[in-house]
Amino acid sequence: MSEALLELNGLSKAFGAHQVLDGVSARIRPGEIVGLLGPNGSGKSTLLNAISGFLPPDAGRVTIAGTDITARPAHVVTRAGLARTFQLPNMPTRMTTREVLRAGDVAAGAPRHMLRRTGRDDRIDALLEMFRLAHVADLPASSLSGGQKKLLSVALALRGSPRLLCLDEPTAGVHPELRTEMVRILKQAAGEGTTLLVIEHDMLFIRQLCSRCIVLDRGHLIADCAPDELEHNGAVVEAYLGKAVQKGKTAR
Ligand SMILES: Nc1ncnc2c1ncn2[C@@H]1O[C@H](COP(=O)(O)OP(=O)(O)OP(=O)(O)O)[C@@H](O)[C@H]1O
Ligand SMILES: [Mg+2]
């Protein structure tokens, strides 16, 4: 196996007596697009927080391209090449959609006063078009709808062409037509060198986008397989539907 871009070794996290992550280990190779699945509350967002420096794990190790970033602050993890989005994105009230995208330039080293420049930026215009945000480019980012904020957060994460992009439910609240477009955009990013870890509940999106899935259930990694194999995996079926399905009953 080639060297992993992202390697997780025995990551654990508890909130009080609640063990939310319990010894999670996984490897993601450069250029892979991996889905991170699991029922509600299984620990997916917590795992992303532990990887990206938003929540120090209690135990375990995270490396990006061999560099140990365990429990390093988020800005250090960003410098190591990781960009992420949030399940519920917050946007600033005093910046327009376009200015939020320009803020990606700060991470790339442009001076802050450039943020409010009025000149056009082809890459930003292309992202605004791609994510159907051109008509709200000059509105306060905080005034966007939930789905538009989600799109803006994905566009922003892509802005810096990160080495590793972690997305937390990127299609939640997004129109189905645009989900298909997002698959195309994310595959293009992968083709240009970005490795992706994508939390998602939409299985059609996962099948179209991902070559491999890892599945969490109550803080344990219970499967690592191709999307098409998930429905034949007993542990996955049981995690999602409960034991009722094994007795020939439907879970709903
Ligand atoms: N800061 C926190 N303090 C206490 N408990 C937390 C905290 N963050 C998460 N949890 C708990 O950890 C568990 C896993 O939460 P997490 O957000 O990781 O789930 P998830 O798999 O992302 O679920 P969903 O699909 O609903 O987004 C939940 O039971 C949640 O209540
Ligand atoms: Mg979540």
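Both ligands and their constituent atoms are indexed starting at 1 by order of listing.
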Please check if the side chain of S142 supplies one atom and the backbone of M91 the other of a donor-acceptor pair under 3.5 Å. no
Consider only side-chain N and O atoms of E32 and T195, and report whether a donor and an acceptor are under 3.5 Å apart. no
Have D168 and S45 got a donor and an acceptor in their side chains that come within less than 3.5 Å? yes
Nitrogen or oxygen contacts under 3.5 Å, ligand 1 side and protein side:
residue, atom, partner, partner atom, Å
ligand 1, 18 (O), S45, N, 3.4
ligand 1, 18 (O), T46, N, 2.9
ligand 1, 18 (O), T46, OG1, 2.6
ligand 1, 21 (O), S42, N, 3.2
ligand 1, 21 (O), S42, OG, 3.4
ligand 1, 21 (O), G43, N, 3.0
ligand 1, 21 (O), K44, N, 2.9
ligand 1, 21 (O), K44, NZ, 2.8
ligand 1, 22 (O), S45, N, 3.0
ligand 1, 22 (O), S45, OG, 2.9
ligand 1, 23 (O), G41, N, 2.8
ligand 1, 25 (O), N40, ND2, 3.1
ligand 1, 25 (O), K44, NZ, 2.7
ligand 1, 25 (O), H201, NE2, 3.0
ligand 1, 26 (O), N40, ND2, 2.9
ligand 1, 27 (O), Q87, OE1, 3.0
ligand 1, 27 (O), Q87, NE2, 2.8

State whether the side chain of K44 and the backbone N or O of P39 hold a donor-acceptor pair below 3.5 Å, judged by distance alone. yes
Give the total of protein N/O/S atoms at a distance below 2.8 Å from the Mg ion (ligand 2). 2
Decide yes or no on side-chain contact (heavy atoms from CB on, under 4.5 Å) for V34 and I214, but give the supporting numbers first. CA-CA 7 Å; V34 176; I214 55 179; 4.2 Å; yes
Distance-only, no hydrogens or angles: does the H220 side chain make a donor-acceptor pair with backbone N or O of I222 under 3.5 Å? no
Can a side-chain donor-acceptor contact be found between E200 and T171 if the only test is distance below 3.5 angstrom? yes
Kindly say whether T85 contributes a backbone atom to a donor-acceptor pair with the side chain of K150 at under 3.5 angstrom? no
Have S52 and R84 got a donor and an acceptor in their side chains that come within less than 3.5 Å? yes
